[in-house]
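Step one of this worksheet: look at the structure below.
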Amino acid sequence: MDFQNRVGSKIRSGGVASASESNVDRRERLRKLALETIDISKDPYFMKNHLGSYECKLCLTLHTNEGSYLAHTQGKKHQTNLARRAAKESKESNMIQPDVGPAKPMITPRRNIIKIGRPGYRITKVRDPVTRQLGFLYQIQYPQIAEDVIPRHRFMGAYEQKIEPPNNAYQYLVVAAEPYESIAFKIQSHKVDEAPGKLWTHWDQDSKQFSLQFFFKNERTTMFEGMGATPTVAPPTATA
C-alpha cells in the first residue's frame, strides 16, 4: 500500500495511514491468516445461499466470498455473539431435563432424627360379642411426639424382619412415630379381618394416645370367604 504524499509524512517515507486504512489492512491480514488456518467447512454457522453468496447464521450477515466471511468471524460482532451463545448453552445444560421414559419414583432424603426411646403401651385381648372373633386392642402413649406427626402401622411377615429367626407361625404389628423408636408386637400368623368395623385406628391429639384394634378371621368366616351370601346357622329343632 502506498502511503506517500500524505499529510504529516516525511519525504521518501511510507507516510501515515489513517484509521480506516489501518482497519482495512488489519482485516486483510486476518482474512489471509484465517484462510490458511481455518477449515471453513467445519464452521456450523457458515452457509452458502442460492444466490452464491455466503451467510453467517449466527450474526445474520451476508458476504460475497469466503475471505469476507472469515474476516467477519475474527471481528468483534461475531466473537461477542459466540460468547453469548456459549453462555446460553451452558445455562441450558445446567437445567434439569426430564428423562425420557417412565417416570422414576421420587426418593425422599432420609432425615437424621435423634430417637428418644420407646413409648409406653397397653394391650387388651378382645372378643367380638356377635362373631366371637378374637382380637387385640393396642393403646400406645406418645407424649413427646413430633409436631404434625401421626403414628403409622403395618403388618409385617416373619421373613421381612431381621431381628428373630423367621417363623411362619407368627407375624408382627409395627407402629412408628417420630421421634420415638418403632415398636413391633409379635402376634399369631392368622388372617386379619379388614372388614369395616373390624380394623380401626384412632389418634387422640389431646391425650397423645394412638389406639388400634383388630380381629382375626375365625374358621367360620374363612370358610365362607368370597361367597355372596352370609352363612347362617339352622335354628334348633324342637324335640318331643
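Only this structure's heavy atoms are used, side chains among them; waters, hydrogens and symmetry mates stay out.
- To the nearest 0.5 Å, atom CZ of residue Phe215 and atom CD of residue Gln133 are 7.0 Å apart.
- Inter-residue side-chain proximity for Gln161 and Val174 is flagged as unmet; no heavy-atom pair is nearer than 4.5 Å.
- The 12-atom threshold is not exceeded at CD1 of Ile163, counting heavy atoms of other residues, nucleotides or ligands nearer than 6.0 Å.
- Between Arg127 and Arg132, some side-chain heavy-atom pair lies under the 4.5 Å cut-off.
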Working for side chain to side chain contact (heavy atoms under 4.5 Å, CB included), residues Tyr45 and Leu82: CA-CA 10 Å; Tyr45 305 113; Leu82 282 176; 3.6 Å; yes

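- Criterion: ILVMFWY side-chain heavy atoms under 4.5 Å apart, direct or through other members. Under it, Leu70 and Leu62 are not part of a common hydrophobic cluster.
- Side chain of Glu89 to backbone of Ala86: no donor-acceptor contact under 3.5 angstrom is found.
- Thr131 contributes atom OG1, which lies 12.0 Å from atom NZ of Lys217 (distance to the nearest 0.5 angstrom).
- Contact check on Arg152 versus Glu178 returns no salt bridge, with no Lys/Arg side-chain nitrogen under 4.0 Å from an Asp/Glu carboxylate oxygen.
- Counting non-hydrogen atoms of other residues, nucleotides and ligands closer than 6.0 Å to CD of Gln144 gives a total of 12 or fewer.
- Taking Thr80 as the reference, Lys76, Arg84 meet the side chain to side chain contact (heavy atoms under 4.5 Å, CB included) condition, with sequence neighbours excluded.
- Figure legend: Lys186 and Tyr170 shown as a cation-pi pair, the cationic atom lying under 6.0 angstrom from the six-membered ring centre and within 45 degrees of its axis.
- Without hydrogens or angle criteria, Ser211 side chain to Gln139 main chain gives no donor-acceptor distance under 3.5 Å.
- Other members of the cluster containing Ile140 are Ile116, Tyr121, Ile123, Phe136, Tyr138, Tyr142, Ile145, Val149, Ile150, Phe155, Leu173, Val175, Tyr180, Ile183, Phe185, Ile187, Val192, Leu199, Trp203, Phe210, Leu212, Phe214, Phe216, with ILVMFWY side chains joined at under 4.5 Å, either directly or via other members.
- What you find for Pro166 and Ala158 is that their closest heavy atoms are CB-O, 3.7 Å.
- Counting heavy atoms from C-beta on, the side chains of Ser68 and Tyr54 never come closer than 4.5 Å.
- Heavy atoms from other residues, nucleotides or ligands lying under 6.0 Å from CZ of Arg85 number 12 at most.
- Here the side chains of Lys48 and Glu55 are not in contact, with every heavy-atom distance at 4.5 Å or above.
- For the 3.5 Å distance criterion, the side chains of Ser207 and Gln209 fail to qualify, holding no donor opposite an acceptor.
- What you find for Ala146 and Pro179 is that their closest heavy atoms are N-CD, 3.5 Å.
- When each of Gln79, His78, Lys77 is paired with Asn81, the side chain to side chain contact (heavy atoms under 4.5 Å, CB included) condition holds for Lys77 and for no other.
- Contact check for Pro119 versus Gln141: no side-chain heavy atoms found under the 4.5 Å cut-off.
- One N or O on the side chain of Gln171 and one on the backbone of Gln188 form a donor-acceptor pair closer than 3.5 Å.
- In terms of modelled atom types and a separation under 3.5 Å, the side chain of Asp204 and the main chain of Lys208 share no donor-acceptor contact.
- Between Glu181 and Lys115 no salt bridge is recorded (no basic side-chain N to carboxylate O distance below 4.0 Å).
- Side-chain contact between His63 and Phe46 is absent, with no heavy-atom pair separated by less than 4.5 Å.
- By the 4.5 Å heavy-atom criterion applied to side chains, Leu134 and Lys125 are not counted as neighbours.
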